[in-house]
Number of protein chains: 2
Amino acid sequence: MNIRDIAKLSGYSSGTVSRVINNNDYVSEKARKTIKKIIKEYDYAPNDVARNLSNGKTCDIGVVLPHNKHPYYTQLVDGIMDEAFASGYRIVLLPSKFDSKTELKYLNRLRRKAYDSIIFTSHGLPLEKIYKYKQYGSIVCCQNPGEYDIAAAYTMRESSYIDALNWIKLHNFKKISILLSRDTTVSATAQKTFSAYEKVFNTAPKNELLNTNVTTFEDGYSAAKQFHANHQYPDVYFTNGDDIAAGVRQFYLDNSLEIPQLIGQENQLSGQILNIPTINHHFQQVGKLACRLAINNQTKQLPVESEFIFRQQKAIEN
Amino acid sequence: MNIRDIAKLSGYSSGTVSRVINNNDYVSEKARKTIKKIIKEYDYAPNDVARNLSNGKTCDIGVVLPHNKHPYYTQLVDGIMDEAFASGYRIVLLPSKFDSKTELKYLNRLRRKAYDSIIFTSHGLPLEKIYKYKQYGSIVCCQNPGEYDIAAAYTMRESSYIDALNWIKLHNFKKISILLSRDTTVSATAQKTFSAYEKVFNTAPKNELLNTNVTTFEDGYSAAKQFHANHQYPDVYFTNGDDIAAGVRQFYLDNSLEIPQLIGQENQLSGQILNIPTINHHFQQVGKLACRLAINNQTKQLPVESEFIFRQQKAIEN
DNA sequence: GTAAATTGTGGAACGCGTTCCATGTCAAGT
DNA sequence: ACTTGACATGGAACGCGTTCCACAATTTAC
């Protein structure tokens, strides 16, 4: 059952049926009624794919994300979803698992008009390569694209990092451990952490107090454990998430050691419960802005400021 | 630039070009080479929408979910995403915000062939209504569809609830508070909680120790506060999530009151940190199964057993 | 050597909705 | 009475890839 069948059955042409379906002008009341009756009678529903083909757009936005387990992605997706819903767009989840080949596959799907636009919540592919696909549709990144003329909404982490590190400096902590989720060679966030550190302390972070690939509670726990095994005793941990900081804390608790100062990120529940100072990144807001850029096909860059939230860690812990 | 342009430019027909693109049989090496060269030269990429139209399927699965903020949904989506990715399907997020009209809109999109199938992670619409749309595509629910012949993957909560409540009974707790996320009139989970309660205690839960619409840390906090304001003093809280239990705990901490026994759900980080007994629902596994049902268009029902995980709450808390 | 099978290719038809252009009708305007 | 413009509708063309059928050219088989 297609639009031409309805046309025949109602005695009108497909054009008129289309006009009725889309509530266009210039259709007589009589035609409208007759056609609507037939549509109902034969339980006809227009094919969305054909419609998309004809209209040359899908109202679908592809969202590339490595996984959905981390609050960065979850919140981002939630923000994107909200905005897309409000504008009548739909979002298609494109899991990348941090694989560049997969990301390229998705860019090619944009090229093949499967999506109107694509949002990278994170990307392994170099921006140079991504940039080449701009001609095929609107592309938005959630990281600072630097010199590249690519649309982006992203968190401005540095000033909040500087705030946090200044706080550390002010309180005279000396052995500063930094737990990163990814290496500085691949992660802009890690780079920002380093540059902030250098701005505040005029020196690079100490290698022996550094750890990468730390992303979960468990990772935080093992990182702390490892430091102690290596006879390194940080007095403050600058971590990539409250959950991680909570993991670090757990190690000290389990070993009846005094809990060092912790700094988390992302204002997660764990940090709220344990009163860990944190850095709030407003990811949901970033998602919203990214989605808006995607929909309007604007090549703007919209930084969103993060903020250091101080909390007094409790002196006595369970 | 479309397939016919490539056909003309290469001196072959569109059929042959199509065969080259899809790596079909019966194409001479010469034709393959020539056509591939032209495709490359003109940077041609076949249109996915046209392809979908022609093939009569999109390889898209719509996933209806109220929001992406709760671990139930996040984990479910993650499981679905994994499975879809492995099978070459894509998932389209369909935010419902618990609104039946919106859900209906999505069912109609299934009817209009926008998706091959649709998964309801939760539904406000009565199953009767959903059932009617089965003819238009594969539909999968993540809740027990009871008598309806609808595909479903869902958690079997009752036996774990009975385990937890039996534990409560065994340890002689008397004032049992139940914090639910939604009302029994709409929520199957709430109903399961009630029926488990009745099976264990041979009586209904006490109304004055009951609270609904409790879904977050903050909600747990206020629920506990409210009980105390009403001079109700539960000695155990059976809650809908570890985060909620953590919120309850916080109220007692803040007021220097002895922390009652807590029982959480969903094995969240907060519960792990605070050693709150919990119920693990294996949502990711449910998501996987649901997605598989959707892809294979099977009308099976796959229950997944939950399990009560006991943990010794620490006596002294910070 | 001829029938049968294999390989290669063209092209129309199909999937299906939208839109533009042509044509026609009728009432308002002058 | 005649033009103009609003209203109404048909129908072809378009968006674009896939597939089936027909036909031709080779091979293989006996």
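A note on names: the letters A, B, ... follow the listed sequences, proteins ahead of strands, and every chain is numbered from 1.
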Any Lys/Arg nitrogen of [X] or [Y] sitting under 4.0 Å from an Asp/Glu carboxylate oxygen of the other?
X	Y	answer
R111(B)	D43(A)	yes
K134(B)	D149(B)	yes
D60(B)	R90(B)	yes

Which part of the nucleic acid does N22(B) contact within heavy-atom distance under 4.0 Å: base, sugar-phosphate only, or nothing? sugar-phosphate
For A7(B), which contact category applies under a 4.0 Å heavy-atom criterion: base, sugar-phosphate, or nothing? nothing
Could you pick out which residue, N55(A) or G15(B), lies toward the 5' side of DNA chain C when each is mapped onto its nearest nucleotide? G15(B)
OP1 or OP2 of [N] less than 4.0 angstrom from a side-chain nitrogen or oxygen of [X], does that happen here?
X	N	result
Y26(B)	dG8(C)	no
T16(A)	dT9(D)	no
S28(A)	dT9(D)	yes
S18(B)	dG17(D)	no

Against I118(A), only a single residue in I61(A), I130(A), V140(A), L110(A) fulfils side chain to side chain contact (heavy atoms under 4.5 Å, CB included); can you say which? L110(A)
Let me know which of T16(A), V17(A), I21(A) forms a side chain to side chain contact (heavy atoms under 4.5 Å, CB included) with I6(A). V17(A)
Among the nucleotides dG17(D), dG17(C), dT9(D), whichever has the atom closest to the side chain of A31(A) is dT9(D)
Given dC16(D), dC16(C), dG17(D), the nucleotide with the shortest approach to the side chain of L53(A): dC16(D)
Mind calculating the distance between [atom1] ([X]) and [atom2] ([N]) to the nearest angstrom?
X	N	atom1	atom2	result
R51(B)	dT19(D)	CZ	P	10 Å
K57(A)	dG17(C)	NZ	P	19 Å
I3(A)	dT18(C)	CD1	P	6 Å
I35(B)	dG8(C)	CD1	P	13 Å
N24(A)	dT9(D)	CG	C1'	13 Å
N23(A)	dA8(D)	CG	P	14 Å
R4(B)	dC14(C)	CZ	C1'	11 Å
K33(A)	dA8(D)	NZ	P	14 Å

Quick one: does R19(B) reach the base of dG10(C) with a side-chain donor-acceptor pair under 3.5 Å? yes
Side chain of S54(B), base of dG15(C): donor and acceptor closer than 3.5 Å? no
